[in-house]
Every structure is written in structure tokens, then in C-alpha cells.
Amino acid sequence: MRRVPLEDRLGRLASVFTFVSHLMDVPLPERPRDGADVLLALAGARDGPAVILAALLQALGEKAQLEHTREVVFVRVELQLADLRRLPPHAVLVLGRAHRGRYLLPLDPRRACSPLGFLPRPVRRALARRLIA
């Protein structure tokens, strides 16, 4: 985190997201070797990646929350208007009546190949159904 300038908020988000998503691609040892392994074992394989990411982002002062769908647990991070212009083109924001005009970026850290701000199609459909209901 020291290499990312303090004013580069999106860079910090991307750094932590990349760290956690790559951590998930490392096989778990038979015995936990560090705090992330213990947290993953406690939170479980389904929720663990999102729990670890949310905890690290909150430690950095970010407004990060867990979002649960039947398909996956992911993290929502509140963005500021200035952050939006730097998002990758595939990033999809989570919007809705309950969010009152806030910009929420979804982060799915289950695999290293997960892009920033991207959710699988079934999850996007489930969120869209929630907004309609």
C-alpha cells in the first residue's frame, strides 16, 4: 500500500482487491499458516474471500459492506463521483432505491481472474430482480 499514493483511492481499492483475489488462488495448507488462512477457515470458503476483503478495506477507512445473494457473497464499496471516471469499462455499479444515489462498486474476490467491478451474469440478474421487487 505504500507504493499507491494516498490520493489514488481507486488504486488502493484495486491493490487490496488484487491481493485478496490472488490469495484465494493459493491452495489452503492442512494447517493454517497465517491470519488470512485462519480467517478463511472461520468464515468458510463461500464467505471467506469477501470477509477478508471487506476487513482489509475497512481497515483502510473505506465504506465496504458484504452483499449476500444466493449465488455469491461479494463486497460493495462506496465510490465518490471523482472515482467513476477511472473505472474500467466493464465495471458495473450497484444502484437502486435503497442506495439513495450513492455509487457502489461490487468486488468479487473469489478468483484472481475476477476483474474489478465485475459480477457474473447470474448475480447481476439476481440483483436486478431485487431492484424490481
Side-chain angles (χ1 to χ4, degrees):
M1 294 308 306
R2 291 183 184 141
R3 291 184 178 185
V4 181
L6 288 175
E7 56 277 352
D8 186 3
R9 188 162 171 260
L10 204 54
R12 285 195 325 267
L13 292 174
S15 295
V16 174
F17 172 74
T18 301
F19 171 76
V20 174
S21 62
H22 282 280
L23 183 65
M24 294 305 110
D25 280 353
V26 176
L28 274 174
E30 289 183 24
R31 281 186 10 175
R33 65 178 180 265
D34 62 23
D37 292 339
V38 172
L39 186 56
L40 188 59
L42 289 172
R46 180 177 188 269
D47 296 356
V51 169
I52 292 170
L53 178 60
L56 290 173
L57 290 172
Q58 288 174 355
L60 291 173
E62 294 294 336
K63 294 179 181 179
Q65 296 179 331
L66 295 177
E67 176 80 30
H68 299 264
T69 68
R70 181 178 43 230
E71 298 82 7
V72 68
V73 177
F74 63 93
V75 177
R76 296 183 323 210
V77 167
E78 187 172 340
L79 297 180
Q80 297 169 353
L81 189 58
D83 300 322
L84 299 182
R85 63 181 166 76
R86 295 193 53 225
L87 286 176
H90 59 266
V92 176
L93 298 176
V94 177
L95 302 173
R97 288 175 275 156
H99 301 123
R100 298 184 189 147
R102 297 181 313 179
Y103 305 102
L104 302 172
L105 180 68
L107 301 172
D108 179 10
R110 294 174 297 153
R111 293 175 303 282
C113 64
S114 296
L116 184 77
F118 178 80
L119 290 174
R121 183 169 291 157
V123 178
R124 290 192 315 260
R125 285 183 183 149
L127 290 173
R129 282 192 301 273
R130 274 192 206 172
L131 293 176
I132 294 170

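R124 places a side-chain N or O within 3.5 Å of a backbone atom of L119 that can act as its donor or acceptor partner. Looking only at distances, a side-chain donor or acceptor of S114 sits under 3.5 Å from a matching main-chain atom of D108.
Between G44 and P49, the closest heavy-atom pair is O-CD, 4.3 Å. Between P115 and H90, the shortest heavy-atom contact is CB-NE2, 3.2 Å. When every heavy atom of R46 is checked against every heavy atom of R70, the shortest pair comes out as NH2-O, 3.3 Å. The two residues R111 and D25 make their nearest non-hydrogen contact at CA-OD1, 3.8 Å. Annotation for A50 and P109: closest pair N-CG, 3.8 Å, computed over non-hydrogen atoms.
With values rounded to the nearest 0.5 angstrom, L60 atom CG is found 8.5 Å from L13 atom CG. Once rounded to the nearest 0.5 Å, the distance linking CZ of R12 with CG of L56 reads 13.0 Å. Note that CD1 of I52 is 12.0 Å distant from CG of L57, once rounded to the nearest 0.5 Å.
L93 and L10 fall within the same hydrophobic cluster, defined by Ile, Leu, Val, Met, Phe, Trp and Tyr side-chain heavy atoms under 4.5 Å apart, directly or through other members. F118 and L84 are members of different hydrophobic clusters when ILVMFWY side chains are connected at heavy-atom separations under 4.5 Å. No path of Ile, Leu, Val, Met, Phe, Trp and Tyr side chains, each step under 4.5 Å between heavy atoms, connects V123 with V92, placing them in separate hydrophobic clusters.
Proximity of V16 to L107: side-chain heavy atoms (C-beta onward) are nowhere separated by under 4.5 Å. Annotation: side chain of L66 is not in contact with side chain of D47 (no heavy-atom distance under 4.5 Å). Looking only at side-chain heavy atoms (C-beta outward), V73 and V51 stay at 4.5 Å or farther from each other. Contact check for R76 versus Q65: side-chain heavy atoms found under the 4.5 Å cut-off. Taking the side chain as every heavy atom from C-beta outward, V77 and L104 never approach each other to under 4.5 Å.
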| Check against side-chain contact (heavy atoms from CB on, under 4.5 Å), F74 and L53 | CA-CA 9 Å; F74 63 93; L53 178 60; over 6 Å; no

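Listed by chain and number, the residues in a side chain to side chain donor-acceptor pair (under 3.5 Å) with D83 are R9 (sequence neighbours excluded).
Within a 6.0 Å radius of CZ in F19, other residues, nucleotides and ligands contribute 12 heavy atoms or fewer.
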